[in-house]
Amino acid sequence: MVPLIIILAVLAFILLLLFIPISVHIKYDGDFFVKLKVVGIKAYEVEPKEDIKEPKPDTESDKKAKKQTEKAFDKLKKKHGFSGAVKEIFTLIKSVLYRLKGSFKHIAIRRLCLDIKVASGDAATAAIEYGAVCAAVYPVLTLIDGIANVKMKSINVSSDFNSVDSYFGFSVVVRVRIIYLIVMAFGVFSEYNKFKTRNEL
């Protein structure tokens, strides 16, 4: 009888853990920052590593190693250009949203911030790039508004004709129960793998 009570107690504890709400903080500002909080206590954190100056690659193997460690968004920019890279990112987000559409009733988006600056030395090019970015971004934001509960939102998509450096960054804070996070993770990873294969990352 005692072993049965212990087993039931362990199962009850595991079930309790699965239904505990957690906060997921994700930020991209050139590097990814991820933090998980369980009942307000930090449980896991990934911070961007400091850039370390390395010698210029000389051999073919050195160049290949550097290419493998290159940041994903930079790879996308080299392959598709800035607006194309943004389009690929938001195509991935749209795919995830459609796949997990029914699960968003279990999610509360506490904060969503998006900051995109489209810049080019040529005004005509900047205008075309800006239009392409808006066409990729705003339909996805409309979709998010339609299926998710967003408490606070800050969206800034702008063009800068006086600069040549474009910028892409975002942050999101999501509150979800662990069990739903685990279930949704499979869908997210599936779409992300398709995204990686499509873009050869």
Side-chain angles (χ1 to χ4, degrees), residues 19-38 40 44-46 48 71-77 80-119 128-160 166-199 201:
F19 283 93
I20 289 177
I22 67 171
S23 294
V24 183
H25 301 241
I26 302 173
K27 180 180 179 181
Y28 178 81
D29 187 17
D31 279 299
F32 267 106
F33 169 85
V34 180
K35 180 166 61 177
L36 302 182
K37 284 186 175 182
V38 181
Y44 179 76
E45 186 174 32
V46 175
K71 294 169 186 174
F73 190 73
D74 290 336
K75 289 182 180 179
L76 288 173
K77 281 198 296 183
H80 304 290
F82 180 78
S83 62
V86 173
K87 181 181 178 181
E88 283 297 320
I89 294 293
F90 276 83
T91 298
L92 169 63
I93 294 172
K94 183 167 68 173
S95 298
V96 170
L97 290 173
Y98 275 121
R99 181 163 186 146
L100 304 177
K101 194 172 181 180
S103 301
F104 273 85
K105 58 186 177 183
H106 303 295
I107 300 173
I109 301 178
R110 299 298 186 188
R111 185 174 71 244
L112 173 63
C113 300
L114 177 66
D115 188 11
I116 301 176
K117 182 182 75 173
V118 183
I128 294 171
E129 289 274 297
Y130 176 71
V133 167
C134 289
V137 170
Y138 283 108
V140 177
L141 294 177
T142 301
L143 178 60
I144 292 173
D145 283 337
I147 65 176
N149 177 21
V150 183
K151 296 293 184 184
M152 189 180 81
K153 185 167 61 174
S154 174
I155 305 298
N156 178 37
V157 182
S158 62
S159 58
D160 187 347
S166 296
Y167 173 80
F168 173 78
F170 71 89
S171 65
V172 62
V173 179
V174 177
R175 187 176 173 85
V176 60
R177 298 186 187 278
I178 294 176
I179 188 169
Y180 296 119
L181 181 64
I182 293 172
V183 171
M184 294 171 64
F186 290 101
V188 173
F189 281 121
S190 175
E191 293 301 327
Y192 180 67
N193 284 332
K194 293 177 186 176
F195 166 78
K196 284 180 63 179
T197 301
R198 183 171 70 247
N199 289 286
L201 297 178

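Just so it is clear, the structure is predicted and the values come from calculations on it, not from any experiment.
Side-chain contact between Glu88 and Asn199 is present, with heavy atoms from C-beta onward closer than 4.5 Å. In this structure, Val157 and Cys134 have side chains that are in contact, with non-hydrogen atoms separated by less than 4.5 Å. Within the 4.5 Å cutoff, side-chain heavy atoms of Ile116 are placed close to those of Val133. Considering only heavy atoms from C-beta on, Val174 comes within 4.5 Å of Val172 through its side chain. Asn149 places none of its side-chain heavy atoms less than 4.5 Å from the side chain of Lys105. Side-chain contact check for Lys151 versus Leu112: every heavy-atom pair is 4.5 Å or farther apart. His25 places none of its side-chain heavy atoms less than 4.5 Å from the side chain of Glu45. In this structure, the side chains of Phe104 and Leu97 come closer than 4.5 Å at one or more pairs of heavy atoms.
From Ser171, atom OG reaches atom CZ of Arg111 across 5.0 Å, with rounding to the nearest 0.5 Å. Rounded to the nearest 0.5 angstrom, Met184 CE and Arg177 CZ are separated by 14.0 Å. Interatomic distance, Ile155 CD1 to Leu114 CG, rounded to the nearest 0.5 Å: 5.0 Å. For the atom pair CZ of Phe82 and CG of Leu76, the computed distance is 11.5 Å after rounding to the nearest 0.5 Å. Atoms NZ and OG, from Lys35 and Ser23 in turn, are 10.0 Å apart once rounded to the nearest 0.5 Å. Put simply, CD1 on Ile107 and CG on Leu181 are 8.5 Å apart, with the number rounded to the nearest 0.5 Å.
Few gaps surround OH on Tyr138; more than 12 heavy atoms of other groups in view lie less than 6.0 Å from it. Lys27 NZ: 12 or fewer foreign heavy atoms inside a 6.0 Å radius. Within 6.0 Å of atom NZ in Lys117, more than 12 heavy atoms from other residues, nucleotides or ligands are found, so the atom counts as buried in its surroundings. For NZ of Lys77, the number of neighbouring non-hydrogen atoms (other residues, nucleotides, ligands) closer than 6.0 Å is greater than 12.
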Item checked: side-chain contact (heavy atoms from CB on, under 4.5 Å) between Ser158 and Asn156, intermediate numbers included -> CA-CA 6 Å; Ser158 62; Asn156 178 37; 4.0 Å; yes

Check: Going through the checks in order, is the side chain to side chain donor-acceptor pair (under 3.5 Å) test met by Asp29 and Tyr167?
Finding: CA-CA 9 Å; Asp29 187 17; Tyr167 173 80; 2.5 Å; yes

Margin query: Determine whether Glu191 and Leu100 satisfy the following criterion, side-chain contact (heavy atoms from CB on, under 4.5 Å), listing intermediate values before the conclusion.
Written below: CA-CA 11 Å; Glu191 293 301 327; Leu100 304 177; over 6 Å; no

Next item on the list: Kindly determine whether Phe73 and Val86 satisfy side-chain contact (heavy atoms from CB on, under 4.5 Å), including the steps that lead there.
Entry: CA-CA 9 Å; Phe73 190 73; Val86 173; 4.2 Å; yes

Check: Taking it one step at a time, do Val38 and Leu36 satisfy side-chain contact (heavy atoms from CB on, under 4.5 Å)?
Finding: CA-CA 7 Å; Val38 181; Leu36 302 182; 5.7 Å; no

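Looking at Ser166, its side chain does come within 3.5 Å of a backbone N or O of Ala119 through a donor-acceptor pair. Between the side chain of Ser190 and the backbone N or O of Phe186, no donor-acceptor pair lies under 3.5 Å.
Ring geometry, Phe90 versus Phe168: the interplanar angle exceeds 60°, so the pair is classed perpendicular (tilted spans 30 to 60°).
Residue Ala85 comes nearest to His80 through the heavy atom pair N-CB, 3.9 Å, listed as atom of the first residue, atom of the second, then distance.
Checked against ring-ring contact (aromatic ring centres under 6.0 Å, His included), His106 has the following partners two or more places apart in sequence or in another chain: Tyr180.
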